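In this text, all values refer to a predicted model and were calculated from it rather than measured experimentally.
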Amino acid sequence: MVGILVALVFVAILGFFLIQYGKLWFQAFMSEADVKLANLIRMHFTKVNPNVIVQAKVMAAQAKLNISRSDGISTHRLEAHYLAGGNVMNVIHAIIAAHRARIPLDFDQAAAIDLAGRDVLDAVQTSVYPKVIDCPDPKRSGKTTLSAITKNGIELRVRARVTVRTNIEQLIGGATEDTVIARVGEAIISSIGSAASHFDVLENPDMITRVVLSRALDAQTAFEIVSIDIADIDVGENIGARLQSDQAEADTRVARAQAERRRAEAIAQEQQMKARVSENRSRLVLAEAEVPKAMAEAFQAGRIGATDSSLPMDQAT
(Lines give C-alpha, C1' and ligand atoms only; values in the text may rest on other atoms or scores of the structure.)
Protein backbone atom coordinates (compact mmCIF):
# COMPACT_ATOMS: atom_id res chain seq x y z
CA MET A 1 0.00 0.00 0.00
CA VAL A 2 2.81 2.37 0.89
CA GLY A 3 4.65 1.46 -2.30
CA ILE A 4 1.60 2.24 -4.38
CA LEU A 5 1.24 5.60 -2.61
CA VAL A 6 4.87 6.46 -3.24
CA ALA A 7 4.50 5.46 -6.87
CA LEU A 8 1.43 7.67 -7.23
CA VAL A 9 3.25 10.63 -5.68
CA PHE A 10 6.21 10.06 -8.02
CA VAL A 11 3.92 9.85 -11.03
CA ALA A 12 2.12 13.00 -9.90
CA ILE A 13 5.41 14.92 -9.56
CA LEU A 14 6.63 13.61 -12.89
CA GLY A 15 3.36 14.60 -14.48
CA PHE A 16 3.65 18.11 -13.00
CA PHE A 17 7.10 18.59 -14.50
CA LEU A 18 6.02 17.09 -17.81
CA ILE A 19 3.15 19.53 -18.02
CA GLN A 20 5.36 22.49 -17.08
CA TYR A 21 8.52 21.63 -19.04
CA GLY A 22 7.34 19.08 -21.60
CA LYS A 23 7.08 21.67 -24.36
CA LEU A 24 10.63 22.93 -23.72
CA TRP A 25 12.02 19.41 -23.60
CA PHE A 26 10.28 18.49 -26.85
CA GLN A 27 11.61 21.66 -28.51
CA ALA A 28 15.15 20.80 -27.42
CA PHE A 29 14.70 17.19 -28.50
CA MET A 30 13.51 18.13 -31.97
CA SER A 31 16.37 20.61 -32.36
CA GLU A 32 18.94 18.09 -31.13
CA ALA A 33 19.97 20.55 -28.44
CA ASP A 34 20.86 17.81 -25.94
CA VAL A 35 18.72 19.03 -23.01
CA LYS A 36 17.28 16.32 -20.80
CA LEU A 37 14.15 16.53 -18.71
CA ALA A 38 16.33 15.98 -15.64
CA ASN A 39 18.22 19.14 -16.56
CA LEU A 40 14.98 21.10 -16.70
CA ILE A 41 13.89 19.74 -13.32
CA ARG A 42 17.27 20.71 -11.84
CA MET A 43 16.91 24.22 -13.25
CA HIS A 44 13.57 24.49 -11.47
CA PHE A 45 15.21 23.94 -8.10
CA THR A 46 18.37 25.98 -8.84
CA LYS A 47 16.35 29.04 -9.89
CA VAL A 48 17.65 28.98 -13.47
CA ASN A 49 15.34 30.19 -16.22
CA PRO A 50 14.96 27.08 -18.41
CA ASN A 51 13.53 29.09 -21.31
CA VAL A 52 16.82 30.99 -21.64
CA ILE A 53 18.96 27.85 -21.44
CA VAL A 54 16.85 25.88 -23.93
CA GLN A 55 16.71 28.76 -26.36
CA ALA A 56 20.48 29.22 -26.12
CA LYS A 57 21.12 25.51 -26.69
CA VAL A 58 18.71 25.43 -29.65
CA MET A 59 20.42 28.45 -31.23
CA ALA A 60 23.87 26.91 -30.70
CA ALA A 61 22.73 23.59 -32.17
CA GLN A 62 21.12 25.20 -35.19
CA ALA A 63 24.26 27.29 -35.78
CA LYS A 64 26.31 24.06 -35.86
CA LEU A 65 28.35 25.05 -32.82
CA ASN A 66 30.02 22.50 -30.60
CA ILE A 67 27.49 21.60 -27.89
CA SER A 68 29.16 18.46 -26.59
CA ARG A 69 29.12 17.88 -22.86
CA SER A 70 32.90 17.54 -22.58
CA ASP A 71 34.38 20.53 -24.41
CA GLY A 72 31.45 22.34 -26.01
CA ILE A 73 28.61 24.62 -25.00
CA SER A 74 27.02 22.20 -22.58
CA THR A 75 23.91 22.73 -20.51
CA HIS A 76 25.95 22.81 -17.31
CA ARG A 77 28.17 25.59 -18.66
CA LEU A 78 25.16 27.66 -19.65
CA GLU A 79 23.59 27.15 -16.23
CA ALA A 80 26.83 28.14 -14.49
CA HIS A 81 27.11 31.30 -16.54
CA TYR A 82 23.48 32.19 -15.82
CA LEU A 83 23.97 31.68 -12.08
CA ALA A 84 27.12 33.83 -12.19
CA GLY A 85 25.02 36.74 -13.44
CA GLY A 86 26.04 36.56 -17.08
CA ASN A 87 23.96 37.33 -20.12
CA VAL A 88 23.59 33.90 -21.70
CA MET A 89 21.77 35.05 -24.84
CA ASN A 90 24.28 37.83 -25.49
CA VAL A 91 27.14 35.34 -25.25
CA ILE A 92 25.47 32.89 -27.66
CA HIS A 93 24.70 35.66 -30.13
CA ALA A 94 28.33 36.81 -29.97
CA ILE A 95 29.70 33.28 -30.50
CA ILE A 96 27.39 32.73 -33.48
CA ALA A 97 28.37 36.10 -35.01
CA ALA A 98 32.07 35.34 -34.49
CA HIS A 99 31.62 31.87 -35.97
CA ARG A 100 29.96 33.33 -39.07
CA ALA A 101 32.71 35.95 -39.42
CA ARG A 102 35.45 33.34 -38.87
CA ILE A 103 36.67 35.11 -35.74
CA PRO A 104 38.13 32.73 -33.14
CA LEU A 105 35.95 32.97 -30.02
CA ASP A 106 35.07 30.07 -27.73
CA PHE A 107 32.48 29.93 -24.99
CA ASP A 108 34.92 30.34 -22.08
CA GLN A 109 36.45 33.47 -23.60
CA ALA A 110 33.06 34.97 -24.44
CA ALA A 111 31.72 34.18 -20.96
CA ALA A 112 34.80 35.77 -19.35
CA ILE A 113 34.35 38.93 -21.41
CA ASP A 114 30.67 39.06 -20.50
CA LEU A 115 31.31 38.61 -16.78
CA ALA A 116 34.02 41.30 -16.94
CA GLY A 117 31.31 43.81 -17.78
CA ARG A 118 32.07 44.21 -21.48
CA ASP A 119 29.44 43.83 -24.19
CA VAL A 120 30.83 40.81 -26.01
CA LEU A 121 28.28 41.03 -28.81
CA ASP A 122 29.18 44.67 -29.47
CA ALA A 123 32.86 43.69 -29.42
CA VAL A 124 32.30 41.05 -32.11
CA GLN A 125 30.21 43.42 -34.19
CA THR A 126 32.94 46.07 -33.93
CA SER A 127 35.46 43.48 -35.09
CA VAL A 128 33.34 42.83 -38.17
CA TYR A 129 32.24 46.42 -38.74
CA PRO A 130 34.87 48.89 -37.43
CA LYS A 131 33.46 51.97 -35.77
CA VAL A 132 34.55 55.59 -35.96
CA ILE A 133 35.56 57.56 -32.86
CA ASP A 134 35.73 61.35 -32.91
CA CYS A 135 38.91 62.89 -31.53
CA PRO A 136 38.18 64.83 -29.45
CA ASP A 137 34.80 63.43 -28.49
CA PRO A 138 32.42 66.29 -27.58
CA LYS A 139 30.35 63.94 -25.42
CA ARG A 140 33.36 63.14 -23.24
CA SER A 141 35.43 66.33 -23.13
CA GLY A 142 32.99 68.98 -24.32
CA LYS A 143 35.53 70.13 -26.94
CA THR A 144 35.04 69.91 -30.69
CA THR A 145 38.64 70.50 -31.82
CA LEU A 146 42.21 69.93 -30.69
CA SER A 147 44.34 73.03 -30.33
CA ALA A 148 48.01 72.76 -31.34
CA ILE A 149 50.71 75.35 -32.12
CA THR A 150 53.38 75.05 -34.80
CA LYS A 151 56.92 76.35 -34.36
CA ASN A 152 56.09 79.66 -36.06
CA GLY A 153 53.48 80.36 -33.38
CA ILE A 154 50.28 79.76 -35.38
CA GLU A 155 47.46 77.86 -33.70
CA LEU A 156 45.78 75.05 -35.63
CA ARG A 157 42.46 73.59 -34.57
CA VAL A 158 42.16 69.98 -35.68
CA ARG A 159 39.31 67.47 -35.64
CA ALA A 160 40.20 63.85 -36.38
CA ARG A 161 38.30 60.59 -36.79
CA VAL A 162 39.79 57.32 -35.62
CA THR A 163 38.53 54.07 -37.12
CA VAL A 164 39.00 51.14 -34.74
CA ARG A 165 38.00 47.52 -34.47
CA THR A 166 37.91 45.35 -31.39
CA ASN A 167 40.93 43.31 -30.41
CA ILE A 168 39.16 40.41 -28.73
CA GLU A 169 42.36 38.92 -27.35
CA GLN A 170 43.04 42.09 -25.35
CA LEU A 171 39.43 42.91 -24.55
CA ILE A 172 39.87 41.75 -20.95
CA GLY A 173 42.27 44.13 -19.22
CA GLY A 174 42.75 46.33 -22.29
CA ALA A 175 42.30 50.09 -22.19
CA THR A 176 39.01 51.61 -23.35
CA GLU A 177 38.09 54.20 -25.97
CA ASP A 178 39.06 57.06 -23.66
CA THR A 179 42.68 55.90 -23.68
CA VAL A 180 42.72 55.64 -27.48
CA ILE A 181 41.26 59.14 -27.84
CA ALA A 182 43.76 60.58 -25.35
CA ARG A 183 46.73 58.93 -27.06
CA VAL A 184 45.66 60.00 -30.53
CA GLY A 185 45.03 63.56 -29.37
CA GLU A 186 48.43 63.75 -27.69
CA ALA A 187 50.17 62.39 -30.80
CA ILE A 188 48.39 64.87 -33.08
CA ILE A 189 49.33 67.83 -30.88
CA SER A 190 52.93 66.62 -30.69
CA SER A 191 53.25 66.14 -34.46
CA ILE A 192 51.80 69.59 -35.18
CA GLY A 193 54.08 71.14 -32.58
CA SER A 194 57.11 69.68 -34.34
CA ALA A 195 56.10 71.22 -37.71
CA ALA A 196 58.19 74.23 -38.73
CA SER A 197 55.24 76.15 -40.18
CA HIS A 198 51.49 75.86 -40.26
CA PHE A 199 51.68 75.95 -44.06
CA ASP A 200 53.42 72.55 -44.00
CA VAL A 201 50.53 71.03 -42.05
CA LEU A 202 47.87 72.64 -44.23
CA GLU A 203 49.59 71.45 -47.42
CA ASN A 204 50.13 67.87 -46.19
CA PRO A 205 47.62 66.86 -43.50
CA ASP A 206 48.60 63.24 -44.02
CA MET A 207 51.96 63.97 -42.37
CA ILE A 208 50.06 64.00 -39.08
CA THR A 209 48.39 60.64 -39.66
CA ARG A 210 51.64 59.00 -40.76
CA VAL A 211 53.41 60.12 -37.59
CA VAL A 212 50.51 59.12 -35.36
CA LEU A 213 50.07 55.67 -36.90
CA SER A 214 53.78 54.93 -36.54
CA ARG A 215 53.58 55.22 -32.74
CA ALA A 216 51.52 52.06 -32.10
CA LEU A 217 48.98 53.94 -30.01
CA ASP A 218 46.69 50.89 -29.76
CA ALA A 219 49.18 48.91 -27.66
CA GLN A 220 47.62 47.40 -24.50
CA THR A 221 44.16 48.58 -25.54
CA ALA A 222 41.01 46.68 -26.41
CA PHE A 223 41.06 48.10 -29.93
CA GLU A 224 43.13 48.00 -33.08
CA ILE A 225 43.47 51.30 -34.94
CA VAL A 226 42.55 50.84 -38.59
CA SER A 227 43.06 54.42 -39.75
CA ILE A 228 43.28 58.00 -38.53
CA ASP A 229 41.75 60.66 -40.77
CA ILE A 230 42.00 64.43 -40.35
CA ALA A 231 38.43 65.63 -40.81
CA ASP A 232 39.01 69.36 -40.44
CA ILE A 233 41.84 71.88 -39.88
CA ASP A 234 41.20 75.53 -39.02
CA VAL A 235 43.78 78.27 -38.53
CA GLY A 236 43.38 79.89 -35.15
CA GLU A 237 45.18 82.77 -33.49
CA ASN A 238 48.77 83.89 -33.94
CA ILE A 239 49.81 82.73 -30.52
CA GLY A 240 53.48 83.56 -31.10
CA ALA A 241 52.76 87.20 -31.94
CA ARG A 242 50.36 87.49 -29.04
CA LEU A 243 52.92 86.05 -26.65
CA GLN A 244 55.58 88.44 -27.97
CA SER A 245 53.16 91.36 -27.57
CA ASP A 246 52.31 90.26 -24.04
CA GLN A 247 56.02 89.89 -23.26
CA ALA A 248 56.77 93.36 -24.64
CA GLU A 249 53.95 94.82 -22.59
CA ALA A 250 55.23 93.03 -19.52
CA ASP A 251 58.76 94.34 -20.17
CA THR A 252 57.33 97.86 -20.53
CA ARG A 253 55.52 97.54 -17.22
CA VAL A 254 58.73 96.31 -15.59
CA ALA A 255 60.72 99.25 -17.06
CA ARG A 256 58.06 101.69 -15.89
CA ALA A 257 58.14 100.19 -12.43
CA GLN A 258 61.92 100.43 -12.29
CA ALA A 259 61.82 104.05 -13.51
CA GLU A 260 59.16 104.85 -10.95
CA ARG A 261 61.30 103.25 -8.29
CA ARG A 262 64.33 105.31 -9.33
CA ARG A 263 62.21 108.48 -9.35
CA ALA A 264 60.89 107.67 -5.90
CA GLU A 265 64.43 107.08 -4.69
CA ALA A 266 65.54 110.45 -6.17
CA ILE A 267 62.60 112.22 -4.53
CA ALA A 268 63.43 110.56 -1.24
CA GLN A 269 67.08 111.58 -1.57
CA GLU A 270 66.03 115.15 -2.39
CA GLN A 271 63.81 115.26 0.66
CA GLN A 272 66.68 113.89 2.71
CA MET A 273 68.99 116.65 1.46
CA LYS A 274 66.35 119.27 2.21
CA ALA A 275 66.09 117.86 5.71
CA ARG A 276 69.85 118.12 6.12
CA VAL A 277 69.82 121.78 4.94
CA SER A 278 67.07 122.55 7.42
CA GLU A 279 69.05 120.82 10.12
CA ASN A 280 72.20 122.84 9.29
CA ARG A 281 70.19 126.06 9.27
CA SER A 282 68.82 125.27 12.69
CA ARG A 283 72.31 124.58 13.93
CA LEU A 284 73.46 127.96 12.50
CA VAL A 285 70.59 129.75 14.22
CA LEU A 286 71.53 128.06 17.50
CA ALA A 287 75.16 129.04 17.03
CA GLU A 288 74.19 132.68 16.32
CA ALA A 289 72.02 132.64 19.42
CA GLU A 290 75.06 131.70 21.50
CA VAL A 291 77.06 134.87 20.43
CA PRO A 292 75.11 137.45 22.50
CA LYS A 293 75.18 135.10 25.46
CA ALA A 294 78.97 134.78 25.18
CA MET A 295 79.40 138.54 24.87
CA ALA A 296 77.24 139.09 27.95
CA GLU A 297 79.32 136.66 29.93
CA ALA A 298 82.46 138.42 28.73
CA PHE A 299 81.09 141.84 29.90
CA GLN A 300 80.25 140.40 33.29
CA ALA A 301 83.67 138.85 33.62
CA GLY A 302 85.35 142.09 32.64
CA ARG A 303 87.03 140.64 29.66
CA ILE A 304 85.34 143.26 27.51
CA GLY A 305 84.75 146.84 28.71
CA ALA A 306 82.50 149.60 27.53
CA THR A 307 85.56 151.17 25.83
CA ASP A 308 88.77 149.42 25.03
CA SER A 309 91.95 151.63 24.62
CA SER A 310 93.64 148.92 22.61
CA LEU A 311 90.89 149.18 19.99
CA PRO A 312 90.41 152.09 17.63
CA MET A 313 87.74 154.54 18.55
CA ASP A 314 85.39 153.43 15.90
CA GLN A 315 85.78 149.75 16.94
CA ALA A 316 85.46 150.62 20.68
CA THR A 317 82.19 152.36 20.07
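Taking both residues in full, the closest heavy atoms of V52 and M89 are given as O-SD, 3.9 Å, listed atom of the first, atom of the second, then distance. Listed here is the closest heavy atom pair of D34 and R69: OD1-NH2, 2.7 Å. Between A33 and A61, the closest heavy-atom pair is CA-CB, 4.1 Å. Minimum heavy-atom separation, T176 to R118: CG2-NH2, 3.6 Å. Taking each heavy atom of P205 and L202 in turn, the nearest pair found is CD-O, 3.8 Å. Residues S68 and S74 share a closest heavy-atom pair of O-CB, 3.8 Å.
Residues F223 and I133 share a hydrophobic cluster, clusters being chains of Ile/Leu/Val/Met/Phe/Trp/Tyr side chains in contact below 4.5 Å. No continuous path of ILVMFWY side-chain contacts below 4.5 Å connects V211 to I189, so the two sit in separate hydrophobic clusters. Follow the hydrophobic side-chain contacts under 4.5 Å out from V128 and you reach I95 in the same cluster. Placement of I53 and F29 within a single hydrophobic cluster is found when ILVMFWY residues are connected by side-chain heavy-atom separations under 4.5 Å, directly or transitively. Follow the hydrophobic side-chain contacts under 4.5 Å out from V132 and you never reach L217; the two are in separate clusters.
Under the 4.5 Å side-chain criterion, counting only non-hydrogen atoms from C-beta, I67 is not in contact with E32. Looking only at side-chain heavy atoms (C-beta outward), D218 and N167 stay at 4.5 Å or farther from each other. At a threshold of 4.5 Å between non-hydrogen side-chain atoms, the residues V48 and L78 do not count as touching. Residues R281 and V285 have side chains not in contact (no heavy-atom distance under 4.5 Å, counting atoms from C-beta outward). Between I73 and I92, the closest side-chain pair of non-hydrogen atoms falls below 4.5 Å.
Interatomic distance, CD of E79 versus CG of N39, reported as 6.0 Å (0.5 Å rounding). Put simply, CG on L156 and CD1 on I208 are 7.5 Å apart, with the number rounded to the nearest 0.5 Å. For the atom pair OG (S147) and CD (E155), the distance works out to 3.5 Å, reported to the nearest 0.5 Å. The distance from atom CD of Q269 to atom CD1 of I267, rounded to the nearest 0.5 Å, is 11.5 Å. Within the model, atoms CD1 of I96 and CG of L121 stand 10.0 Å from one another, a figure rounded to the nearest 0.5 Å. A distance of 5.5 Å separates CD1 of I188 from CG of L146, quoted to the nearest 0.5 Å.
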N/O donor-acceptor pairs under 3.5 Å from side chains in residues 224-236, not counting sequence neighbours:
unit_1	atom_1	unit_2	atom_2	d
E224	OE1	R165	NE	3.4
E224	OE2	R165	NH2	3.4
S227	OG	T163	OG1	3.4

Can you list, pair by pair, the side-chain donor-acceptor contacts under 3.5 Å of residues 98-115, counting residues two or more places apart and other chains?
unit_1	atom_1	unit_2	atom_2	d
D106	OD1	Q109	N	2.9
D114	OD2	H81	NE2	3.0
D114	OD2	N87	N	2.7

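For Q247, the side-chain hydrogen bond (donor to acceptor under 3.5 Å, both in side chains) test picks out D251, with sequence neighbours left out. Considering only residues two or more places apart in sequence or on other chains, R261 meets the side-chain hydrogen bond (donor to acceptor under 3.5 Å, both in side chains) condition with E265. Looking at residues two or more places apart in sequence or on another chain, you find a side-chain hydrogen bond (donor to acceptor under 3.5 Å, both in side chains) between N152 and T150, S197, H198.
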**OP:** Any chance you could lay out the side chain to side chain contact (heavy atoms under 4.5 Å, CB included) test for I181 and V162, step after step, and finish with the verdict?
**Re:** CA-CA 8 Å; I181 294 174; V162 185; over 6 Å; no

Original post:
Yes or no on side chain to side chain contact (heavy atoms under 4.5 Å, CB included) for R157 and K143, after CA distance, side-chain angles and deciding distance?
Top reply: CA-CA 11 Å; R157 298 168 182 172; K143 298 180 180 180; over 6 Å; no

**OP:** In sequence, state the C-alpha distance, the side-chain angles, and the governing distance for V291 and M295, and then conclude on side chain to side chain contact (heavy atoms under 4.5 Å, CB included).
**Re:** CA-CA 6 Å; V291 173; M295 293 179 65; 4.1 Å; yes

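Counting only residues at least two apart or on different chains, the salt bridge (charged side-chain N to carboxylate O under 4.0 Å, His left out) pairs with a member in residues 166-189 are K131-E177, R140-E177, R140-D178.
With N280 contributing its side chain and V277 its backbone, the two residues share no donor-acceptor pair below 3.5 Å. Side-chain N or O atoms of R77 include one that pairs as donor or acceptor with a backbone N or O of G72 at under 3.5 Å. One N or O on the side chain of S127 and one on the backbone of A123 form a donor-acceptor pair closer than 3.5 Å.
Ion pairing between a basic and an acidic side chain is recognised when a charged N comes within 4.0 Å of a carboxylate O; R256 and E260 show no such pairing.
With a 6.0 Å radius and a threshold of 12 heavy atoms from other residues, nucleotides or ligands, R161 has its CZ atom at or below the threshold.
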